[in-house]
Number of protein chains: 2
Amino acid sequence: MTDETRERIVDAAGEVFSQKGFQQATIREICGLAEANVAAVNYHFGDKETLYVEAVKRAHCESVPVDRSEWPSDLPADEQLRLFLEKMLTDMLDRETPGWHTALIMREMAHPTSACEELVRGYIGPRFELLCEILRALLPQDMPGRDVTLHAFSVIGQCLVYRFHRPVGRLLIGEDEFEALFDVERLTRHISNFCLAGLAAAREEAL
Amino acid sequence: MTDETRERIVDAAGEVFSQKGFQQATIREICGLAEANVAAVNYHFGDKETLYVEAVKRAHCESVPVDRSEWPSDLPADEQLRLFLEKMLTDMLDRETPGWHTALIMREMAHPTSACEELVRGYIGPRFELLCEILRALLPQDMPGRDVTLHAFSVIGQCLVYRFHRPVGRLLIGEDEFEALFDVERLTRHISNFCLAGLAAAREEAL
DNA sequence: CACTGATTTAAACAAGTGTTTTAATCGGTT
DNA sequence: AACCGATTAAAACACTTGTTTAAATCAGTG
C-alpha cells in the first residue's frame, strides 16, 4: 500500500470533483470514498487544488487519444463528419460509459480552472483541429480560417447543448420527451444532415 | 429608507449571484455592496435561498417580455428567424447591456436551482415556443413535433456555445481571434444562413 | 414627549472547511 | 532486534459561512 493510497485518492477525487465541482467537493468526502485519512491529501499532493489538477490530468490522459494515424482520413469528408459527431455524442451522452473521466472534462469545459489550459492543449485542441480539417474539405478552399472556425462552433454547439442544458431541456419539453431525444444514433443523423446542408450551401454560395 | 434596503439587497444579490453563482456568493459580500447589515437578509427574506429566488424572479420579470402581439408574424419566416437570432445573440453576448438580469438567467440555465421551473415557464418557454413556430413554417407541414424540437435545439445550441464556452474558446483559438468573432451582426448572419440551409434541406427531403 | 412596532446594528453562534500538528504505525535495512 | 524514513491516524487549528440574538435606533401616533 505504498502509493496505492495516492492512486485511490486521485480516483475518488475524480469521482467527487466530476459530480460536485471543485468548490463543492470536500476533502473529507473524497478521503471517505478513498478510505484514506484527510491528512493524506496534504501529504501526497500539498493542497486541494493540486489534487484537482492531478485528477483533470488523469482524466484526459486516460481518455482515448485522437490518434490521427488511425483516423480514417481516406473516407469521404461527409462520412468523416458523421463519424466525428457519433464519437463526440457517444462520449458526451452515453450513460453506459462508466468512469468519471469524461464528466470531469466536461465540467472543466463549463467552468475552466487553472487546469483548463493543459486540457485544451492535450484533449480539446486536437479534436477541434481534426474537426476543422474535416470541415475545410467540405467548404470552399479559399474560405478564411475565421469562417471555418464559425462553422466548427456551429457543429459542436449543437452537440454541447444536449450535455450542458439537459435540466432546462427536461423542464422545457418534459422529462420523458427529452430523454427520448437522447439517442446517439438519432442525434448523429439529425446533426450531420443539418450541418452537411449548411456546409453545402456555403460551398455553393462561393461559386 | 423603509424597504429601500430590501430593494438594494435584491439588486446587490442579483449582481453578486450572477457573477459568482449561488454557493460562491456570500451574504457578507452582497450586504457589503448593498450597504446593509448581514442580518438584513434574514430579516427581509428569511434565508439566502429565498433571496436568490427573489433575484431570479426579478431578473426575468424585468427582462423584456416576449409580447407575441408585437412580434412581426407577418414577416417571411426566414426573416423572422434572422430577427429571433439577432435578439437572442444580442441579449446573450452584448457586453454593452448593463445590469445583471440576463447574466443571472444565463447562469440559471447552466445551473438550474429551484428557481428554474418558474424561469422556464415565464422566460425560456415562451421564447422556445416562438422559435418552434417559426421553424414549423420553414419545415414540412407533416413533420413530427419531436423533429421540430431537434431543429430548435440545433438553432439555440449554436448561440449558447458562444456564451457558455467562451473561456475554452479563447484558449482554443486565441483570445483576440475569439473576441473578434463576438460580433452580433456577423454571428447572426452566419448562424441564420447555416440554419436556413439545413431547414431547406429538410424541406426538400420531405418531397 | 412617551410609547410602540418596525428596522438596523454589532456581536456571537454553530457548523463546515482546508490545513497543520503531533504521535503512532508500517516496511525494509543493518 | 533495533533503527529509520515513509506513511498513516486522530485531533486540533484557523478561518469562513449562514444564521441568530439582543440591544439600539428610527418613524409614526396618541
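Excluded from the calculations below are hydrogen atoms, water molecules and symmetry mates; all remaining heavy atoms, backbone and side chain alike, are included. Letters A, B, ... are given to chains in the order of the sequence lines, protein chains preceding strands, and every chain is numbered from 1.
Salt-bridge annotation for A/Glu177 and A/Arg170: absent, with no side-chain N of the basic residue lying under 4.0 Å from a carboxylate O of the acidic one. Between A/Glu129 and A/Arg68 there is no salt bridge, since no side-chain N of the basic residue sits under 4.0 Å from a carboxylate O of the acidic one.
Taking side-chain N and O atoms only, B/Thr5 has a distance below 4.0 Å to OP1 or OP2 of C/dT8.
Under the salt bridge (charged side-chain N to carboxylate O under 4.0 Å, His left out) criterion, no residue pair touches residues 101-125 of chain A, with sequence neighbours excluded. Evaluation of the side-chain hydrogen bond (donor to acceptor under 3.5 Å, both in side chains) test over residues 157-168 of chain B, restricted to residues two or more places apart or in two chains, returns A/Ser154-B/Gln158.
Whole-Å rounding puts the A/Tyr52 OH to C/dG18 P distance at 14 Å. Residue A/Glu35 contributes atom CD, which lies 17 Å from atom C1' of D/dT7 at whole-angstrom precision. Straight-line distance from the CD1 atom of B/Ile9 to the C1' atom of D/dG18: 14 Å, rounded to whole Å. Between the P atom of C/dA6 and the CZ atom of B/Arg6 lies a distance of 16 Å, rounded to the nearest Å. Distance, A/His44 NE2 to C/dT20 P: 15 Å, rounded to whole Å. Rounded to whole angstrom, the span from the CD atom of B/Glu29 across to the C1' atom of D/dT16 amounts to 13 Å.
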Under 3.5 Å, which protein N or O atoms sit close to an N or O of nucleotides 19-23 of chain D? Give each pair with its distance.
{"residue": "D/dT19", "atom": "OP2", "partner": "B/Lys48", "partner atom": "N", "Å": "3.0"}
{"residue": "D/dT20", "atom": "OP2", "partner": "B/Asn42", "partner atom": "OD1", "Å": "3.4"}

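Against DNA chain C, the stretch residues 18-26 of chain A makes heavy-atom approaches under 4.0 Å through A/Ala25, A/Thr26.
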Enumerate, atom names and distances included, each donor-acceptor pair closer than 3.5 Å involving a side-chain atom of residues 29-42 of chain A, sequence neighbours excluded.
{"residue": "A/Glu29", "atom": "OE1", "partner": "A/Lys20", "partner atom": "NZ", "Å": "3.1"}
{"residue": "A/Glu29", "atom": "OE2", "partner": "A/Lys20", "partner atom": "NZ", "Å": "3.4"}
{"residue": "A/Asn37", "atom": "OD1", "partner": "A/Ala39", "partner atom": "N", "Å": "2.9"}

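For the residue pair B/Ser73 and B/Gln80, no side-chain donor N or O sits within less than 3.5 Å of a side-chain acceptor on the partner. Counting only N and O atoms by type, the side chains of B/Trp100 and B/Gln19 include no donor and acceptor under 3.5 Å apart.
Remark: A/Lys87 engages no residue in a salt bridge (Lys or Arg N to Asp or Glu O under 4.0 Å) (not counting sequence neighbours).
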